[in-house]
2 protein chains.
Amino acid sequence: MGYSIKTISQKSGLSPYTLRYYEKEGVLPLVARDENGNRCFHDEDIDLISLICCLKDTGMPIAEIKQFVALSKEGGGTLPERRKLLMEHKQEIDRKIEFFQQFSKKIDHKIAYFSSLENETSSQPQQQAEEEAN
Amino acid sequence: MGYSIKTISQKSGLSPYTLRYYEKEGVLPLVARDENGNRCFHDEDIDLISLICCLKDTGMPIAEIKQFVALSKEGGGTLPERRKLLMEHKQEIDRKIEFFQQFSKKIDHKIAYFSSLENETSSQPQQQAEEEAN
DNA sequence: GTAAACCTTAGAGGTTACTAGAAGGCAATA
DNA sequence: TATTGCCTTCTAGTAACCTCTAAGGTTTAC
């Protein structure tokens with residue numbers, strides 16, 4: 001029979017507002033309707049929504065996801081193009097991972113530095129150290 | 001003598017508009033001025049801007065950075081609070097790294113799947129496979 | 001001495017991605 | 001049969017984060 005918008009909202013973590021917005025914007029392909037005109041999602045929709053969430057959550061802009069979904073609708077002939085899009089995005093993700101790892105370390109050093117300053121001032125409370133403890 | 005807004009813009013990758021906006025919003029502390037009223041950045045500013053960029057680029061919202069900067073201005077007494085903020089943010093970053101790594105793998109699988117479909121259809125061009133190649 | 005290349009401010013405008021409200025339809029339940 | 005609860009569309013509003021324009025001041029280069 002298919003799933004209601006509410007069910008899909010719960011499964012995907014996207015609000016019903018967002019799901020309708022995505023369909024309107026072409027981020028989701030047109031969803032099937034039941035006899036009352038209500039959206040009726042199927043398992044393929046769930047698969048695609050899961051991929052869309054993955055792309056979105058790793059920073060792909062909505063406009064680009066839309067492009068990917070449009071290619072999907074065009075069929076198998078667009079597979080190389082879609083694969084290229086994914087490969088480019090994967091590179092982006094891997095670049096971000098590296099970047100985040102660097103910054104995680106940098107923040108760690110800052111935390112350690114703050115700790116050392118805290119110990120210093122607590123053992124020598126009269127001294128007002130720290131001029132550049134940003 | 002200090003650095004002009006243009007120099008800092010180039011060093012930081014933030015536009016002069018953004019730097020002024022950040023100062024106005026309290027994301028940067030008030031910057032020193034020269035005799036003509038022009039901004040005159042110093043090395044401490046560069047250090048702080050570097051940290052701010054690091055926080056921003058790892059997803060800390062401007063409002064939170066602002067809070068951090070406000071605490072910095074209050075002095076050494078706020079060190080534990082600042083350290084707490086950084087530790088929470090670091091956890092966020094590490095969570096994101098894990099998440100991104102998962103999604104990088106997922107996209108890899110999708111890419112491999114697309115490749116296999118492409119090979120299939122090119123060796124059997126008469127067959128229109130692919131119904132769910134999302 | 002004037003034009004280019006900077007800088008300043010205040011405030012408006014833009015982009016992205018939702019998010020909510022209003023008005024109404026259908027269906028099951030008390 | 002009326003209330004509850006879900007759905008629909010259309011359109012307007014919001015939040016975050018810039019980005020630009022207008023109007024004007026100063027300094028340097030020809």
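To find a chain, count down the sequence lines: A is the first, B the second, and so on, and within it residues start at 1.
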Open item on the list: Side chain of A/I62, heavy atoms from C-beta onward: which of D/dC17, C/dT9, C/dA17 has the nearest atom to it?
Closed with: C/dA17
- [ ] Side chain of B/N38 only, please: which of C/dG11, D/dC17, C/dT8 is the nearest?
- [x] C/dT8
Open item on the list: What is the separation between atom CD on A/E35 and atom C1' on D/dC7, rounded to the nearest whole Å?
Closed with: 12 Å
- [ ] Would you indicate, yes or no, if C/dC18 has its OP1 or OP2 atom less than 4.0 angstrom from a side-chain nitrogen or oxygen of A/S15?
- [x] no
- [ ] Output the distance between atom CD1 (A/I111) and atom CE (B/M87), rounded to the nearest 0.5 Å.
- [x] 6.0 Å
Open item on the list: Nearest whole Å is fine: how far is D/dC7 P from A/Q10 CD?
Closed with: 9 Å
TODO: Just call it for A/P16: base, sugar-phosphate, or nothing, with non-hydrogen atoms closer than 4.0 Å on any strand.
DONE: nothing
Task: Value in whole Å for how far the P atom of D/dT26 lies from CZ of B/R39 - done: 17 Å
Open item on the list: Output the rounded distance in Å from CD1 (B/I5) to P (C/dA5).
Closed with: 19 Å
Task: Distance in angstrom units between A/N36 CG and D/dC6 C1', rounded - done: 11 Å
- [ ] Measure the distance from CZ on B/R20 to C1' on C/dA12 and round it to the nearest whole Å.
- [x] 16 Å
Open item on the list: Between B/S4 and B/K24, which residue's closest nucleotide on DNA chain C lies nearer the 5′ terminus?
Closed with: B/S4
- [ ] Spell out, yes or no, whether B/L86 and A/Y113 are grouped together once hydrophobic residues are joined by side-chain heavy atoms under 4.5 Å, including indirect joins.
- [x] yes
Open item on the list: Given D/dC7, C/dC18, D/dC17, identify the nucleotide with an atom nearest to the side chain of A/Y21.
Closed with: C/dC18
Open item on the list: Rounding to an integer number of Å, can you tell me how far B/D34 CG sits from C/dT8 P?
Closed with: 8 Å
Task: Euclidean distance, atom CD of residue B/E23 to atom C1' of D/dT19 [Å, nearest integer] - done: 17 Å
Task: Side chain of B/T18 - closest among D/dC7, D/dC17, D/dT19 - done: D/dT19
